[in-house]
Amino acid sequence: MEFSELIRTNRAQAELLQGPEAPPLRGTLCVTGHHLLLSPAPQSTPDLWLLLLRCVDSIEKRVAGDSGTITLRCKDLRVLQLDIEGVEATLDIARSIEALSSLESVITSFPFFYRPRGLRLGDAWHFHPPERYFKRVARETNAWRLSEVNQDFSLCPSYPRVVIVPRAVDDTALARSARFRQGGRFPVLSYHHARSGTVLLRSSQPLTGPQKRRCAEDEELLRAVLAGVCPGARGFIVDMRSAQAAKQARMTGGGTEAKAAYPGWKRLHRPLERGRSLQESFMRLVEACGDTEQSMDRWLSRLEGCRWLAHVKEALSTACLAAQGMEREGACILVHGAEGTDSTLLVTSLAQLILDPTSRTMIGFQELVEREWIQEAPTFLLFLDCVWQLGHQFPLSLEFGEGLLLALFEHAYASPFGTFLCNSEKERCLCEVRTRTHSLWSGLNQLKEQRKLRNPLYVLNPLAIWPSVEPQSLRLWQGLFLRWTRPPEPSEVAWERVWQIVTERENTEDSQSTASA
């Protein structure tokens with residue numbers, strides 16, 4: 001298929017309205033295989049406006065007289081209005097955008113065509129290999145080893161080639177454990193807490209079913225986890241489902257770990273909403289934030305009614321529970337829901353940020369995202385919101401700022417880079433993502449980008465950070481949800497001034513060092 005087959009009209013005269021704070025932009029609108037471009041008229045601003053078509057979430061069109069209007073609702077929460085000359089041109093451009101923005105083939109997406117100057121293919125994919133952290137854990141403790149049991153992805157399609165597992169458990173036992181877990185997601189290590197020697201694990205649900213099946217190798221694996229810590233060690237299984245949901249899952253082939261079969265492990269149920277309910281909550285919040293005419297009482301009622309901040313609270317509370325189990329009780333933690341993907345990754349990632357100062361550095365956070373996340377929207381957005389809450393409550397403890405979180409949000413939905421393409425390493429290998437696209441980190445780690453991404457107030461904090469989840473402590477992330485509908489807040493202006501002061505001080509120190517030399 002050629003992109004030209006989907007483009008009914010490739011250009012028209014149009015006026016772009018980008019929001020209440022931005023002036024209208026008039027010029028020639030062009031449609032390409034991956035972008036909408038608006039080249040301004042000569043008397044207007046010389047800047048070229050550009051939109052990646054994969055950023056379009058929905059499109060509305062209407063015509064009146066001899067012109068038409070296209071409204072684009074974008075995945076980065078922008079709402080754009082294009083007033084186009086000519087009814088036929090309006091309809092043809094709308095159909096072109098609809099067709100090009102909904103292409104499902106990964107290899108036709110823009111990252112496979114993006115070739116920026118100064119970057120070479122493959123250069124930055126080695127910045128944060130997931131196995132780097134696992135190798136470090138294996139060196140620091142004799143209880144864990146790297147396994148290539150999933151080298152060809154036949155054991156678990158959604159796991160990477162290399163995983164870290166108890167040294168006492170051989171690959172044959174791992175294979176049998178995988179067959180006992182939904183989707184083959186057997187328990188693997190996410191994080192080793194060096195101070196206590198405990199570990200954070202993740203998996204999917206066991207396939208006990210109504211017959212209450214057991215798997216000796218799966219039981220052996222979790223016994224080996226506790227034995228690798230110390231004699232008499234104990235663990236908690238944090239189940240992301242309610243007790244009732246877990247019981248219902250058993251009737252359809254899923255289930256939970258039976259207490260008698262897994263001595264030393266205690267199950268806790270901490271249900272987190274996911275999937276459709278989380279998506280609907282997010283959509284209601286976006287609609288509320290886009291209504292600039294409502295009263296304050298109506299706004300507060302809609303904010304509470306969408307329950308987004310309730311999801312933030314539940315996610316942080318569950319992550320704190322897991323982190324406290326390791327830090328304060330010296331227990332190992334296994335987190336899973338049914339599939340062991342979205343909500344499981346949310347909790348394991350946040351628990352690491354709470355406990356691990358390395359994960360709160362710029363490089364450590366990038367490694368965490370690369371290692372833990374299989375893209376699941378809007379769960380990944382919920383994760384970013386929770387990280388923003390941590391940064392808001394502990395403004396000195398994260399080396400990165402809001403700029404990095406906003407960049408990750410934008411690139412997760414539509415990006416010229418390949419980092420967020422596909423939903424597993426297997427899919428990325430099949431599509432040759434690592435050899436045919438550029439890594440996002442190659443763009444974000446350039447010096448010119450660092451000012452927008454780093455926290456100028458950062459001071460290394462070696463301790464755990466325990467967030468408050470009281471209603472007065474959790475705030476709407478205005479920098480994301482309201483950034484297209486309101487002018488910058490005084491705090492944002494102050495933040496920019498802080499950067500100026502830090503930069504001036506660094507320049508002064510550099511000048512003094514040069515003069516002394």
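Throughout, numbering of the chain's residues begins at 1 and tracks the sequence.
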Verify whether one side chain among [X] and [Y] offers a donor that lies under 3.5 Å from an acceptor in the other.
{"X": "Thr256", "Y": "Gln205", "answer": "no"}
{"X": "Gln389", "Y": "Arg475", "answer": "no"}
{"X": "Ser190", "Y": "Glu372", "answer": "yes"}

Using a 3.5 Å cut-off and no angle test, enumerate the donor-acceptor pairs between side-chain atoms of residues 361-371 and protein atoms at least two apart in sequence or in another chain.
unit_1, atom_1, unit_2, atom_2, d
Thr361, OG1, Thr358, O, 2.7
Thr361, OG1, Gly364, N, 2.9
Gln366, OE1, His128, NE2, 2.7
Gln366, OE1, Asn445, ND2, 3.2
Gln366, NE2, Asn445, OD1, 2.9
Glu367, OE2, Arg132, NH1, 2.9
Glu370, OE1, Trp441, NE1, 2.8
Arg371, NH2, Gln352, OE1, 2.8

Point to revise | Ring centers of Phe380, Trp373 separated by less than 6.0 Å | key: yes

Review point. Hey, would you say the Phe186 and Phe180 ring centroids sit under 6.0 Å apart?
Key: no

Looking at [Y], is its backbone amide N or carbonyl O close enough to the side chain of [X] to form a donor-acceptor pair, meaning the two atoms are under 3.5 Å apart?
{"X": "Gln18", "Y": "Trp484", "value": "no"}
{"X": "Ser281", "Y": "Ser277", "value": "no"}
{"X": "Lys313", "Y": "Leu474", "value": "no"}
{"X": "Asn455", "Y": "Pro395", "value": "yes"}
{"X": "His192", "Y": "Val199", "value": "no"}
{"X": "Arg360", "Y": "Leu353", "value": "yes"}
{"X": "Ser204", "Y": "Gln182", "value": "yes"}
{"X": "Ser473", "Y": "Val469", "value": "no"}
{"X": "Ser442", "Y": "Ser439", "value": "yes"}

Point to revise | Minimum heavy-atom distance between Gly443 and Phe417, given as atom pair plus value | key: CA-CZ, 4.0 Å

Point to revise | Heavy-atom pair with the smallest gap, counting every atom of Tyr458 and Leu398 | key: CD1-C, 3.3 Å

Distance check, rounded to the nearest 0.5 Å: [X] atom [atom1] versus [Y] atom [atom2]?
{"X": "Arg298", "Y": "Met296", "atom1": "CZ", "atom2": "CE", "result": "14.0 Å"}
{"X": "Asp342", "Y": "Phe383", "atom1": "CG", "atom2": "CZ", "result": "13.5 Å"}
{"X": "Gln324", "Y": "Glu329", "atom1": "CD", "atom2": "CD", "result": "8.0 Å"}
{"X": "Trp308", "Y": "Trp477", "atom1": "CH2", "atom2": "CH2", "result": "10.0 Å"}
{"X": "Phe110", "Y": "Cys55", "atom1": "CZ", "atom2": "SG", "result": "13.5 Å"}
{"X": "Arg202", "Y": "Thr341", "atom1": "CZ", "atom2": "OG1", "result": "10.0 Å"}

For [X], all residues meeting side-chain contact (heavy atoms from CB on, under 4.5 Å), sequence neighbours excluded:
{"X": "Ala143", "result": "Thr141"}
{"X": "Thr292", "result": "Thr485"}
{"X": "Ala168", "result": "Ala224"}

Point to revise | Salt-bridge present (Asp171, Arg145; N to O < 4.0 Å) | key: yes

Practice item. Give a yes or no on whether a salt bridge exists between Glu339 and Arg185, defined as a side-chain N under 4.0 angstrom from a carboxylate O. Key: no

Point to revise | Criterion side chain to side chain contact (heavy atoms under 4.5 Å, CB included) against Ser177, the qualifying member of Leu155, Asp218, Leu222 | key: Asp218

Practice item. Apply the test salt bridge (Lys or Arg N to Asp or Glu O under 4.0 Å) to residues Arg436 and Glu432: give CA-CA distance (whole Å), side-chain angles for both, the deciding distance (0.1 Å), then the verdict. Key: CA-CA 6 Å; Arg436 296 178 58 191; Glu432 301 178 300; 3.7 Å; yes

Point to revise | Worked verdict on Ser158 versus Lys426 for side chain to side chain contact (heavy atoms under 4.5 Å, CB included) | key: CA-CA 7 Å; Ser158 59; Lys426 178 182 180 180; over 6 Å; no

Point to revise | Trp466 six-ring face occupied by Arg328 cation (under 6.0 Å, within 45°) | key: yes

Review point. With a distance cut-off below 6.0 Å to the six-membered ring centre and an angular limit of 45° from the axis, does Arg167 pair with Trp144 as a cation-pi contact?
Key: no

Taking only residues two or more places apart in sequence or in another chain, which ones pass side-chain hydrogen bond (donor to acceptor under 3.5 Å, both in side chains) with [X]?
{"X": "Asn461", "value": "Ser397"}
{"X": "Ser203", "value": "Arg181"}
{"X": "Arg73", "value": "Glu60"}
{"X": "Glu449", "value": "Lys452"}

Exercise for review: For Phe409, enumerate each residue passing the ring pair (Phe, Tyr, Trp, His ring centres under 6.0 Å) test, keeping only those at least two apart in sequence or located in another chain.
Suggested key: Tyr413

Point to revise | Steps toward side chain to side chain contact (heavy atoms under 4.5 Å, CB included) verdict (Gln393, Ser468) | key: CA-CA 8 Å; Gln393 294 189 27; Ser468 169; 3.8 Å; yes

Check your understanding: Does the side chain of Gln244 reach to within under 4.5 Å of the side chain of His269, using non-hydrogen atoms?
Key -> no

Exercise for review: Would you mind reporting whether Phe112 and Thr437 have side-chain heavy atoms less than 4.5 Å apart?
Suggested key: yes

Check your understanding: Among pairs that include at least one residue of residues 391-401, which meet salt bridge (charged side-chain N to carboxylate O under 4.0 Å, His left out), considering only residues two or more places apart or in two chains?
Key -> Glu399-Arg454

Check your understanding: Please, which pairs that meet salt bridge (charged side-chain N to carboxylate O under 4.0 Å, His left out) have at least one residue in residues 406-416, sequence neighbours excluded?
Key -> Glu410-Arg483

Exercise for review: Mind running side chain to side chain contact (heavy atoms under 4.5 Å, CB included) on Leu285 and Phe481 for me, showing each step along the way?
Suggested key: CA-CA 8 Å; Leu285 175 59; Phe481 292 108; 3.6 Å; yes

Check your understanding: Does CD in Glu140 sit with more than 12 non-hydrogen atoms of other residues, nucleotides or ligands closer than 6.0 Å?
Key -> yes

Check your understanding: Pick from Arg270, Arg307, Arg274: which one makes a salt bridge (charged side-chain N to carboxylate O under 4.0 Å, His left out) with Glu314?
Key -> Arg307

Exercise for review: Could I get the full list of salt bridge (Lys or Arg N to Asp or Glu O under 4.0 Å) partners for Asp356, not counting sequence neighbours?
Suggested key: none

